[in-house]
Amino acid sequence: MTDATVIDGKAFALGLRQRVAAGAAELKAETGVVPGLAVVLVGDDPASWIYVRNKGNAATTAGMRSFDHRFGADTDQATLLSLIDRLNRDPLIHGILVQLPLPAHIDAEAVIEAIDPAKDVDGFHPINVGRLGIGLPLLAPCTPLGCLMLLRHYAGSLAGRKALVLGRSNIVGRPMAQLLLGADCTVTIAHSRTRDLIETCREADILVAAVGRPEMIRGDWIKPGAVVIDVGINRIAGAEPGKTRLVGDVHYAEAAQVAAAVTPVPGGVGPMTIACLLLNTLAAACRGAGLPPPPEARP
Ligand code: GUN
């Protein structure tokens with residue numbers, strides 16, 4: 001097989017953001033509630049600054065309120081916990097996101113656990129992780145939720161399909177596996193200690209790669225006709241000296257010769273993360289106002 005369908009995450013995310021903006025406008029018209037998203041950033045990592053700025057801008061564009069809280073790298077945990085407490089009690093805030101990673105001297109788990117689970121739009125609080133695990137998700141992590149939406153749109157029914165998740169991070173791999181299980185896939189999680197990795201990959205109808213290793217998954221690892229979702233964003237040296245380029249965890253050109261559909265990097269999964277963050281913020285605001293969340297926020 002050649003010429004896989006290119007899974008256009010950018011276009012899908014744009015449509016989702018428009019639906020979220022319409023939902024936010026409707027919520028405001030019905031109840032006067034404007035969804036509010038607070039984003040907390042500690043330290044001066046340039047990539048995190050860009051992510052956080054993009055998240056804030058996206059919220060404003062969707063008709064939401066955006067609140068930025070930026071701290072120096074030497075900020076202590078007590079300061080952070082006291083801010084979270086204030087945000088939990090603030091009725092204008094419906095979603096709280098603490099950008100990860102946090103500096104090493106801060107206990108990230110303690111900070112995540114301090115967030116009100118109803119405002120945990122990242123879906124990282126143990127209550128939300130547990131609810132996802134028992135098939136009763138409240139707020140699901142944004143990147144895997146975005147991957148699931150793309151799969152539902154491009155792969156059709158997922159029931160009974162063999163899904164392989166490569167990677168077991170709390171942000172992507174583990175919640176991705178739970179979401180696929182919830183969609184009735186037969187799920188395998190592979191990781192750095194998995195034996196017979198290539199053979200395991202070759203059995204997958206659906207392959208989600210989230211390992212952070214540039215172009216690790218080659219074309220001959222992929223089952224012909226599989227749907228491939230590449231969560232990796234890796235910067236590598238470009239063809240010209242001094243230039244760099246972004247690649248995924250999947251060797252795109254090779255995968256496109258074998259797969260039925262594959263996400264490009266950039267323009268695949270990446271734009272879905274922010275769109276799903278907005279969707280979760282709208283869902284949290286709806287629930288706060290006693291209304292049901294948008295159906296697509298319920299995986
Ligand atoms: N760092 C990398 N991805 C994420 C994410 O989805 N949420 C947060 N809070 N931090 C991240």
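Note that these values count all heavy atoms, side chains included, but never hydrogens, waters or copies made by symmetry. It should be emphasised that the depicted structure is a prediction, and the values quoted were computed from it without experimental measurement. Numbers here simply count residues along the sequence, with the first being 1. Atoms within each ligand, like the ligands themselves, are counted from 1 in listed order.
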Distances for all N or O pairs of ligand 1 and the protein under 3.5 Å?
{"from": "ligand 1", "atom 1": "1 (N)", "to": "Q99", "atom 2": "NE2", "distance (Å)": "3.4"}
{"from": "ligand 1", "atom 1": "1 (N)", "to": "L100", "atom 2": "O", "distance (Å)": "2.9"}
{"from": "ligand 1", "atom 1": "7 (N)", "to": "D122", "atom 2": "OD1", "distance (Å)": "3.0"}
{"from": "ligand 1", "atom 1": "7 (N)", "to": "D122", "atom 2": "OD2", "distance (Å)": "3.4"}
{"from": "ligand 1", "atom 1": "9 (N)", "to": "V98", "atom 2": "O", "distance (Å)": "2.8"}
{"from": "ligand 1", "atom 1": "9 (N)", "to": "D122", "atom 2": "OD2", "distance (Å)": "2.6"}
{"from": "ligand 1", "atom 1": "10 (N)", "to": "L100", "atom 2": "N", "distance (Å)": "3.0"}

- Task: Report the residue from K223, R161, K162 that forms a side-chain hydrogen bond (donor to acceptor under 3.5 Å, both in side chains) with D205.
- Result: K223
- Nearest heavy-atom pair of L81 and A110: which atoms, and what distance? CD2-O, 4.0 Å
- Is there any side chain to side chain donor-acceptor pair (under 3.5 Å) pair reaching into residues 286-299, and which pairs are they, with sequence neighbours excluded? R19-E296
- Message: Suppose the criterion is ring pair (Phe, Tyr, Trp, His ring centres under 6.0 Å): which pairs have a residue in residues 184-212, not counting sequence neighbours?
- Response: none
- Note on the structure: Contacts satisfying ring pair (Phe, Tyr, Trp, His ring centres under 6.0 Å) that involve residues 126-171 (not counting sequence neighbours) are F12-H153
- Task: Using a strict 4.0 Å threshold on nitrogen-to-oxygen distance, state whether R89 and D85 make a salt bridge.
- Result: yes
